[in-house]
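Just below is one structure, and these are the notes that go with it.
Lettering follows sequence order; numbering is per chain, from 1. Everything quoted here is computed from the prediction, not taken from an experiment.
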Amino acid sequence: MPQVIVNLAYLVASILFILSLKGLTHPRTAVRGNLMGAAGMLLAIVVTLLDRAIVSYDLIIAGLVVGSAAGIPMALKVPMTAMPQLIALFNGFGGGASVLVAGAAVTETILIASGFSTQVTVSIAASGIVGAVTFWGSLVAFGKLQGFISEKSRSLPAHQLWNGLLGAACLALAAWLVVDPTATLSYWGLVLASSLLGVMLVMPIGGADMPVVISLLNSYSGIAAAATGFVLSNNALIIAGALVGASGIILTRIMCRAMNRSLTNVLFGVMAPAERTSAAGEDIYAGKVKATSPEEVAMLFDTARRVVVVPGYGLAVAQAQHAVRDLASALESRGVIVEYGIHPVAGRMPGHMNVLLADANVPYEKLKDMDEINSTFAQTDVVLVIGANDVVNPLARTDASSPIAGMPILEVDKAKTVVVMKRSLSPGFAGIPNPLFAADNTLMLFADGKKGVLELIAALKET
Amino acid sequence: MESLVTAVTIFVLAIFVGFEIITKIPPTLHTPLMSGSNAISGVTLIGALLSAGTQHSTLTATLGLIAVIFATINVVGGFLVTHRMLKMFRRKD
């Protein structure tokens, strides 16, 4: 097939990718958008298969079959609560593929002795570094989310020094490769150093910072694909990679803003030590925390006109999304207006809570983002906080020395009554006490997420 | 050099297009955005197909084969799981 036609087909594929993202700007058009993206991918694959340089299809078919056999069941079977780790895993595979494609290109140089331009070697080094960091970083993120490795922050003594050395080693090996493209050993050395760097970068990231890292790795996988595009002079890869790179960067920025922290602080910073927590916690909570019962909350609901549910990661852990939907239906059948207030960093990835609630058939119009819901709390009778802590902590507004100072929060304390469903008074990820729990208008309902909600539904039926 | 400038031009313009569109995506769809864009980044698959198919040597063919497997998981799994999620976001009447 003439190269012109191939390139025109890649252009069409790129347009389909752009339209695919455009489709995602509204839930109504999103399904169609995703199908367009898939169609663009199919077109790019078919055109590539007709390339004259391909001499044998055996390995290609084997690879496509094995990859599909692995990917399809994962995509179909994963429960919505396990979505963050699945996305991390898929992301890693994309980065890994970039490393291998660049590796094959390096190996070819010696074989065909055509010599590479500097553009190509620089791109190969970039693919190798970014791809390997993406692959190993994503695998560590997967392991943390899946519970294979501790979700807590883990770091070595002088962690940043090691990272710096590994980064320098990557760059030095990259320089060697650019100077002497036949030195394939330098490429694999570079991949090894970047792999270690990928592990080292994600190990210190604790659970609640996961949304930032997942977004960043998403961006990296795009950059790795674009770098591979520069290696192969392939516009479809460059465009698709750039789109994904931009998408990941935007999400990363949104997540960082939602925590009022810089990206460097998330990646390299250490959260303020939590030593004073217990003492300060006792001061704040002493004698002021009011525990309540499902029956009491049901009575509150009975007279309420407007209820807002604020979900956090605890909702995902307890898999309480269906129970919450049932509770909302019970309230709505009594004429109560129920909406959901969702903080951008609630959960372990951007949009995590939205997917969980959509899975439980909650209509997307009821899922309100932070700015929208904050203006309504003053007119809200009852706020039900389930499994969220730091994102509703008023210390973010009042205590400039707190580790979450300046973080935009859901201002649930402005509602008439706040019911916090939680197992204990234990602090959230930031390790600080939450004065909300001791506020005059707050009632604590000590219960496990799902069981607690089911008890509420039962109590509501009796009133 | 000229081809490099063209490639960089395309790269930079695509980033701008990406920024313009993606800033308009509502937070509700951020997870599908991640998995969908993730599937798109699996377009490395076309590079992998070339490595696996040209078979300059056993090593490049092997690297190509693994790359095809990895990228296929990324692409097929990514689009499928995105589809599954997006179907849930349809308006319930």
dist B:Phe11:CZ -> A:Leu243:CG (nearest 0.5 Å) comes out at 10.0 Å
The interface call for A:Asn91 against chain B, heavy-atom contacts under 4.5 Å, is both
- Report, as yes or no, whether the 6.0 Å neighbourhood of atom OH on A:Tyr57 holds more than 12 heavy atoms from other residues, nucleotides or ligands. yes
Cut-off 4.5 Å, heavy atoms of chain B, and the answer for A:Leu89 is neither
Greatest number of non-hydrogen atom pairs under 4.5 angstrom with chain A, of B:Ile46, B:Val17, B:Val81, B:Thr54, falls to B:Ile46
Among A:Leu367, A:Leu21, A:Asp369, A:Val66, the residue with the most heavy-atom pairs under 4.5 Å to chain B is A:Leu21
When the 4.5 angstrom heavy-atom criterion is applied to A:Ser233 and chain B, the contacting part is neither
Whatever's closer than 4.5 Å to a heavy atom in chain B on A:Ser20 counts as side chain
Residue pairs meeting side chain to side chain donor-acceptor pair (under 3.5 Å), one or both in residues 30-48 of chain A, sequence neighbours left out, come to A:Tyr10-A:Thr48
Greatest number of non-hydrogen atom pairs under 4.5 angstrom with chain A, of B:Leu33, B:Val68, B:Thr44, falls to B:Thr44
Note: vs chain A, highest number of non-hydrogen pairs under 4.5 angstrom among B:Ile21, B:Val8, B:Asn38 is B:Asn38
Honestly, the part of B:Ile40 sitting under 4.5 Å from a heavy atom of chain A is both
The interface call for A:Pro27 against chain B, heavy-atom contacts under 4.5 Å, is both
Whatever's closer than 4.5 Å to a heavy atom in chain B on A:Asp359 counts as both
Subject >> B:Thr31 side-chain N/O to A:Gly351 backbone N/O, donor-acceptor pair under 3.5 Å >> reply: yes
When the 4.5 angstrom heavy-atom criterion is applied to B:Val75 and chain A, the contacting part is side chain
Okay, A:Leu237 and chain B: the region with an atom under 4.5 Å from a heavy atom over there is both
Okay, A:Met83 and chain B: the region with an atom under 4.5 Å from a heavy atom over there is side chain
Okay, A:Leu35 and chain B: the region with an atom under 4.5 Å from a heavy atom over there is side chain
Cut-off 4.5 Å, heavy atoms of chain B, and the answer for A:Lys366 is neither
Does any part of the side chain of A:Tyr364, heavy atoms only, come nearer than 4.5 Å to the side chain of B:Leu29, both counted from C-beta? no
What one should report as the nearest heavy-atom pair of B:Ala7 and A:Ile238 is CB-CD1, 3.8 Å
Practice prompt. Report yes if some heavy atom in the side chain of A:Ile54 is under 4.5 Å from a heavy atom in the side chain of B:Leu50; otherwise report no.
Written response: yes
When rounded to the nearest 0.5 Å, the distance separating OG1 of B:Thr72 from CG of A:Leu64 is 4.5 Å
Okay, B:Ala61 and chain A: the region with an atom under 4.5 Å from a heavy atom over there is both
The interface call for B:Val12 against chain A, heavy-atom contacts under 4.5 Å, is neither
Bottom line for B:Leu59: the part with an atom under 4.5 Å from chain A's heavy atoms is side chain
From the list A:Thr228, A:Ile18, A:Val355, A:Leu232, the residue making the most non-hydrogen contacts under 4.5 Å with chain B is A:Val355
Cut-off 4.5 Å, heavy atoms of chain B, and the answer for A:Val99 is neither
Among A:Arg253, A:Lys368, A:His352, A:Met80, the residue with the most heavy-atom pairs under 4.5 Å to chain B is A:Met80
Most contact-rich option vs chain A, by heavy-atom pairs under 4.5 angstrom, among B:Ile73, B:Leu13, B:Ile66, is B:Ile73
Rounded to the nearest 0.5 angstrom, the OG-CZ distance for B:Ser41 and A:Phe17 is 10.0 Å
If you tally heavy-atom pairs under 4.5 Å between each of A:Ala225, A:Ala70, A:Ser56 and chain B, the highest tally belongs to A:Ser56
In this structure, CE of A:Met353 is separated from NE2 of B:His30 (nearest 0.5 Å) by 15.0 Å
Applying a strict 4.5 Å limit to non-hydrogen atoms, the region of A:Ile342 in contact with chain B is neither
Residues 77-86 of chain B vs side chain to side chain donor-acceptor pair (under 3.5 Å), sequence neighbours excluded, gives B:Ser35-B:Thr82
Turns out that what part of A:Phe230 lies under 4.5 Å from chain B's heavy atoms comes down to side chain
Value for OG (A:Ser14) from CD1 (B:Ile10), rounded to nearest 0.5 Å, stands at 8.5 Å
In terms of heavy-atom pairs under 4.5 Å with chain B, the winner among A:Ile254, A:Ile223, A:Leu357, A:Val78 is A:Val78
task = Output yes when a side-chain donor or acceptor of A:Thr25 lies under 3.5 Å from a complementary backbone atom of B:Ile25, and no otherwise.
result = no
Under 4.5 Å to a heavy atom of chain A? For B:Ile15 that would be both
Under 4.5 Å to a heavy atom of chain B? For A:Ile239 that would be both
Closest heavy-atom pair, A:Val101 versus B:Ser51, reported as atoms and distance to 0.1 Å, is CG1-OG, 4.1 Å
For B:Met34 and A:Pro350 the tightest heavy-atom approach is SD-CD, 3.4 Å
Rounded to the nearest 0.5 angstrom, the OG1-CG distance for B:Thr6 and A:Asn235 is 8.5 Å
For A:Ser68 and B:Val76, the nearest pair of non-hydrogen atoms, with its separation, is OG-CG2, 4.0 Å
When every non-hydrogen atom of A:Leu59 is compared with those of B:Ala52, the smallest separation belongs to CD1-O, 4.0 Å
Greatest number of non-hydrogen atom pairs under 4.5 angstrom with chain B, of A:Gly96, A:Ala62, A:Gly37, falls to A:Gly37
Between B:Pro26 and A:Leu24, the two heavy atoms sitting closest are CD-O, 3.8 Å
